[in-house]
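Quantities reported herein were computed from a predicted structural model and do not represent experimental measurements.
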2 protein chains.
Amino acid sequence: MKIGHLAKSVGIDIQTVRYYESQGLLTEPNRMENGYRDFPVDSIKRLQFIKKAKLVGFTLKEIKELLAIQVTKDKHTCQEVKNFTQIKLDEINQKIKKLTEIESALKKIHSLCCGGSEKASHCSILQALES
Amino acid sequence: MKIGHLAKSVGIDIQTVRYYESQGLLTEPNRMENGYRDFPVDSIKRLQFIKKAKLVGFTLKEIKELLAIQVTKDKHTCQEVKNFTQIKLDEINQKIKKLTEIESALKKIHSLCCGGSEKASHCSILQALES
DNA sequence: ATTGACCCTATAGTATACTTTAGGGTTTAT
DNA sequence: ATAAACCCTAAAGTATACTATAGGGTCAAT
Ligand SMILES: [Zn+2]
Ligand SMILES: [Zn+2]
Ligand SMILES: [Zn+2]
Ligand SMILES: [Zn+2]
């Protein structure tokens, strides 16, 4: 399977495929006589895996680690894999919590600002966050 | 307050403080006779806000805008501030929504995994990412 | 035979957000 | 007085994740 076909069927850029290969996220494909890359069919799955994992907030480095676990499944335990996602889950929940704090601070400013004539001269996002 | 003290009390690097100043996230501090920066006390709050906002995925540019929101009657009209905070609120809610989606997707696959010490060949997290 | 679509490598560029280095001057404690 | 600890600027380097460019070869169709 040529790179263009692969890229298209996954919905990413050709350059990105080559980039992923260069970063070790795809194993080096065979070459055809003319030098073109000849990807095995399951590269599609692998790229879809990468895409999905990226979508849920994994970095390429992390994805590489995940892929390494994936290809040597019998050398790793469910516990390892589960720990990995647990850490990510914790991170995401932390983020949601902080965002909610910022949101309510902003909301406060937002509602403060429609009263018109009252003194609001010192109101900033920093002060709104304090209380 | 000297830069080292400030940096330490917020838990970031001195260089980073100077970088933020250079990017306009901190207002230019006064200088002491010897040329050392003399930060006002509330720089701590400002930096803590930056830290928090960064953690939840705001870029420095966005943080700069957030910090610039001040309900100052003499500088902005109520309309302006209100419009701006509304836009930012929408952005934040978008972020929360996205993160929540990612969280539930991750949670779902996370809960499928047995987490046991057996080999990950059957691991449902990996299967879920594959499919 | 030539156009257009495809493939190749290597290198450089982009954006964000630092971090490090080089080469200094200043303060504080012993 | 001298060493450790602190401060300064300016510029270069790093990491992430691409994206673009230059310069060229290959393939299918008209
Ligand atoms: Zn107002
Ligand atoms: Zn108002
Ligand atoms: Zn299991
Ligand atoms: Zn499992």
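- Separation of atoms NZ (A/Lys95) and OG1 (B/Thr100) is listed at 12.5 Å; rounding is to 0.5 Å.
- Remark: P of D/dC7 and CE of B/Met32 are 8 Å apart, rounded to the nearest angstrom.
- Nucleotides of DNA chain C with any atom under 4.0 Å from a heavy atom of chain A span, from 5' to 3', C/dC6 to C/dT9.
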B/Glu103 and A/Asn93: CA distance, side-chain angles, deciding distance, side-chain contact (heavy atoms from CB on, under 4.5 Å) verdict: CA-CA 7 Å; B/Glu103 195 236 352; A/Asn93 281 321; 3.1 Å; yes

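- At whole-Å resolution of the value, OH in A/Tyr36 and C1' in D/dA28 are 11 Å apart.
- The separation between B/Asp13 atom CG and D/dC6 atom C1' is 14 Å, rounded to whole Å.
- Both B/Arg37 and B/Lys8 lie close to DNA chain D; mapped to their nearest nucleotides by heavy-atom distance, the more 5′-ward contact belongs to B/Lys8.
- Rounded to a whole Å, the NE2 atom of B/His5 is 14 Å from the C1' atom of D/dC6.
- When each of B/Lys2 and B/Gln15 is assigned the nucleotide of DNA chain D bearing its nearest heavy atom, the one mapping closer to the 5' terminus is B/Lys2.
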Identify all side-chain donor-acceptor contacts of residues 29-37 of chain A below 3.5 Å with residues at least two apart in sequence or on another chain.
residue : atom : partner : partner atom : Å
A/Arg31 : NH1  : A/Gly35 : O            : 2.9
A/Asn34 : OD1  : A/Tyr36 : N            : 2.9
A/Arg37 : NE   : A/Glu21 : OE1          : 2.6

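- With rounding to whole Å, B/Ile3 atom CD1 is found 11 Å from D/dC6 atom C1'.
- Among the protein residues, B/Arg18 comes within range of the nucleic acid bases, having at least one heavy atom under 4.0 Å from a base atom.
- Taking the C1' atoms of five terminal pairs at each end of the helix from C/dA1-D/dT30 to C/dT30-D/dA1, the two resulting helix axes are inclined by 20°, rounded to 10°.
- Nearer to the 5' terminus of DNA chain C, by closest-nucleotide assignment, is the contact made by B/Lys61 (compared with the other of B/Lys61 and B/Asn34).
- Counting to the nearest Å, the C1' atom of D/dA17 and the CG atom of A/Leu60 are 6 Å from each other.
- In this structure, NZ on B/Lys54 lies 10.5 Å from CG on B/Leu25, to the nearest 0.5 angstrom.
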Would you list the atom pairs, donor with acceptor, under 3.5 Å between side chains in residues 57-69 of chain B and any protein atom, with sequence neighbours excluded?
residue : atom : partner : partner atom : Å
B/Thr59 : OG1  : B/Glu62 : N            : 3.2
B/Thr59 : OG1  : B/Glu62 : OE1          : 3.4
B/Glu62 : OE1  : B/Thr59 : N            : 2.9
B/Lys64 : NZ   : B/Gln23 : O            : 3.3
B/Glu65 : OE1  : B/Lys88 : NZ           : 2.6

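- Rounding to the nearest 0.5 angstrom, the gap separating the CD1 atom in B/Ile14 from the CZ atom in B/Arg18 is 6.0 Å.
- The CD1 atom of B/Ile3 sits 8.0 Å away from the CD atom of B/Gln15 when rounded to the nearest 0.5 Å.
- Side chain to side chain, A/Asn83 and A/Gln79 fail the donor-acceptor criterion of an N or O pair below 3.5 Å.
- In this structure, A/Leu106 CG and B/Leu89 CG are separated by 4.0 Å, a value rounded to the nearest 0.5 Å.
- Judged by distance alone, the side chain of B/Thr16 and the main-chain N or O of B/Ile12 form no donor-acceptor pair under 3.5 Å.
- Rounded to whole Å, the distance from CD1 on B/Ile14 to C1' on D/dT9 is 14 Å.
- D/dC27 atom P lies 13 Å from atom CG of A/Asp38, rounded to whole Å.
- Here B/Val41 sits alone; no ILVMFWY side chain lies under 4.5 Å from its own, so it joins no hydrophobic cluster.
- Near DNA chain C, meaning a heavy atom under 4.0 Å from it, residues 23-31 of chain A has A/Arg31 in order of number.
- Distance OG1/A/Thr77 to NZ/B/Lys119: 11.0 Å, rounded to 0.5 Å.
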